[in-house]
Peer 1: 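This is the structure I have questions about; it appears just below.
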There are 2 protein chains.
Amino acid sequence: MELVGVDLEERSYEIKIGAGLLANLGQSLIDLDIKAGTKILIITDKRVNDLYGSEINQRLEETDFEFKIIVVPEGEKSKSLNMTKVLYDEAVDFGLDRSSLIIAFGGGVIGDLAGFIAATYMRGVPFIQIPTTLLAQVDSSVGGKTAVNHEAGKNLIGAFYQPELVLIDLEVLNTLDQRDVRSGLAEVIKYGVIWDKEFFNYLQANHKEIKELDLDVLAKVIQRSCQIKAEVVAKDEKELGLRAILNYGHTIGHAIEALAGYGEYRHGEAVAIGMISAMELAYKLDMVTKEEVEAQTELINNFGLPTTINKLRLDQIISKTKQDKKVKDGEVNFILPNSIGEVEIVSGVKNEVLTEVLAKQLR
Amino acid sequence: MELVGVDLEERSYEIKIGAGLLANLGQSLIDLDIKAGTKILIITDKRVNDLYGSEINQRLEETDFEFKIIVVPEGEKSKSLNMTKVLYDEAVDFGLDRSSLIIAFGGGVIGDLAGFIAATYMRGVPFIQIPTTLLAQVDSSVGGKTAVNHEAGKNLIGAFYQPELVLIDLEVLNTLDQRDVRSGLAEVIKYGVIWDKEFFNYLQANHKEIKELDLDVLAKVIQRSCQIKAEVVAKDEKELGLRAILNYGHTIGHAIEALAGYGEYRHGEAVAIGMISAMELAYKLDMVTKEEVEAQTELINNFGLPTTINKLRLDQIISKTKQDKKVKDGEVNFILPNSIGEVEIVSGVKNEVLTEVLAKQLR
């Protein structure tokens, strides 16, 4: 088992990474000093419940905890204010209190939704993330961002709220479809580009093993991704500055995701497209070389991720980027590479340059 | 002008107390380094807007800020999930972002509601509290608790989120009705009982001046109340231990408020009744003397606050206390005085004792 620490003073916690951790869930809870009799509300979705509901049920029945599993529909639509109301009601019915525990058991949607409930029910209940997609394992389960969506934008309503533990069981990756694995790999590429050239090269050198879900290689990939995210978050928990670099590829990515309708593109697919745009912007601004642009494109291609935008209009995309919640004082900031392994925040990117870059990606 | 610091590391802020501060709102914002052009969303209620809306409007029109005033209906009913939806929509329409500012301008309901919006819109927007009731000035505006209600309990959904500034203009007290002033005084008495015998004696010695709204005396009373609250909150921001003492009188108080229907009793009236119950419980448990019981009752009477419970059933009250969100592991904790000026958290109070005490208060 690998451990990654997230260093946030009294809000510090550990990420456990290993194969088969789910089977030892009871022990992990005891290690956290969760007392016998504690009420545990597990929030999951239909797909994850079909796959693992009975195992979780069995593992927790062996313990002295009192638990309840709530199953919400799959997909981004469950990240709504309406669903928070349903979950608050369920928490009340179950008699959840501040000494209880919430477990987010699923992908990014479940982590964000359950995390937001944990952040706001009785002004905060301890919670644990058990991410079941690669995307959630390397990204959304780490760092304490929780949220639901609003018609006007993804994650528009939320809170910073840290979990007590993140439990990453590598074996769940075997039940993901290829497209979901690829979606997670987009964020993995991101960590290489924003922070660690050596890691980027490792991904390129091992792209076959990664795509074939070699668990030893994946353990390393997930561990390094979590380490990078944890380092960035520890330096800037509330996204006042540095943390924004984690949004590399996300400004355009979010716009595309929202315009196409959440679910049309997987999150990672939209981010891959956004990273292509950002790298190209950086090239136009003389920040990176042609070789660096090509290296990123090659890795994105090797992982089978998309690079072009279908069925959307240029003006729509540009106007949507201006609604991004990272917009400050009306100005869109882009995270652009200086080289593979280092990015900076660039403001005042001209509309013409952005138009030129996006036009090349439109199909 | 009096200043009270709330010491919470990077979340520290000041409470400004004085007569006429509202007229200098623009300067207070500039002192906080709020930049020209910043969008400011002011959330208030009908009563406050009728009284001060045009003044605020005028003061802010003299500045370079872009502002919008949202008026919600008066009363506890506005502290709902439905109202949060309305306010999120308004914030989106106004183009609010993370560099904007929210001002909570009103009593406790507005502070809790607007604070919750500030805590959760885009995972947090800076906000300022301008409390316009004595209750909000001495209690709810200080300490970062924000919340809305759920059918199952008051403040069941919320967050800890600190303001950038609390601005207390003493002049607004002149427009409060007597009953609202009294409601605030209950929390003031609470600070004396839980923390400061000398302050308790000061209140007793000056009860006439206080009731007559002598602004010099009130400035001292509000300052000391805020100081005590700030001290307690600084030691335990997230209510893991000590902060619970601020709930003295609130376990029974909240139950009565909820059962009678929010609005039937003013919050402070219910707390006054709850403090009578708590002191009597402490007496039954040999924690305080008969003289101390009588001293508190006398002060509560002097401020014209109620001590008895009308139209409710004993079993209802007892079962309601068990739903309080401070309940841990199903056990109701009471905050009980050891003497005037010191309290402790007592668990395992027997139902018979509680029944006996409440039976004496029922009318």
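Here is the naming used below: chain letters follow the sequence lines, and residue numbers restart at 1 for every chain.
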Peer 1: Who are the salt bridge (Lys or Arg N to Asp or Glu O under 4.0 Å) partners of A:Asp93, not counting sequence neighbours?
Peer 2: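 Expected list: none.
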
Peer 1: Checking the side chain of A:Arg123 only, and the main-chain atoms of B:Ala147 only, is there a donor and an acceptor separated by less than 3.5 Å?
Peer 2: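 No: the side chain of A:Arg123 does not pair with the backbone of B:Ala147.
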
Peer 1: Does the side chain of A:Asp89 come within less than 4.5 Å of B:His150's, by heavy atoms?
Peer 2: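 Side chain of B:His150 against side chain of A:Asp89, heavy atoms only: contact under 4.5 Å found.
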
Peer 1: Please output the residues of residues 112-120 of chain A in contact with chain B, using a heavy-atom cutoff of under 4.5 Å, in numerical order.
Peer 2: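 Hits under 4.5 Å: A:Phe116, A:Ala119, A:Thr120.
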
Peer 1: My understanding is that only residues two or more places apart in sequence, or in another chain, count here; which of them pass salt bridge (Lys or Arg N to Asp or Glu O under 4.0 Å) with B:Lys68?
Peer 2: B:Glu90

Peer 1: How long is the span from the CG atom in B:Asn82 to the NZ atom in A:Lys85, to the nearest 0.5 Å?
Peer 2: 7.5 Å

Peer 1: Go through the steps for B:Ile157 and A:Met122 under the test side chain to side chain contact (heavy atoms under 4.5 Å, CB included), then give the verdict.
Peer 2: CA-CA 5 Å; B:Ile157 298 153; A:Met122 293 191 176; over 6 Å; no

Peer 1: Is B:Glu10 salt-bridged to A:Lys238, cutoff N-O under 4.0 Å?
Peer 2: no

Peer 1: Can you list everything that forms a salt bridge (Lys or Arg N to Asp or Glu O under 4.0 Å) with A:Asp64? Sequence neighbours excluded, please.
Peer 2: none

Peer 1: Should the heavy atoms of other residues, nucleotides or ligands under 6.0 Å from CD of B:Glu61 be counted, would the total exceed 12?
Peer 2: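 Count over threshold, so yes.
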
Peer 1: Please state whether the side chain, the backbone, both or neither of B:Leu81 comes within less than 4.5 Å of a heavy atom of chain A.
Peer 2: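 Only the side chain of B:Leu81 comes within 4.5 Å of chain A.
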
Peer 1: Under 4.5 Å from any heavy atom of chain A, what part of B:Glu66 do you find: side chain, backbone, both or neither?
Peer 2: neither

Peer 1: Using the side chain to side chain contact (heavy atoms under 4.5 Å, CB included) rule, take B:Leu156 and A:Tyr121 through it: C-alpha gap first, then chi angles, then the decisive distance, then the call.
Peer 2: CA-CA 6 Å; B:Leu156 205 89; A:Tyr121 184 76; 3.7 Å; yes

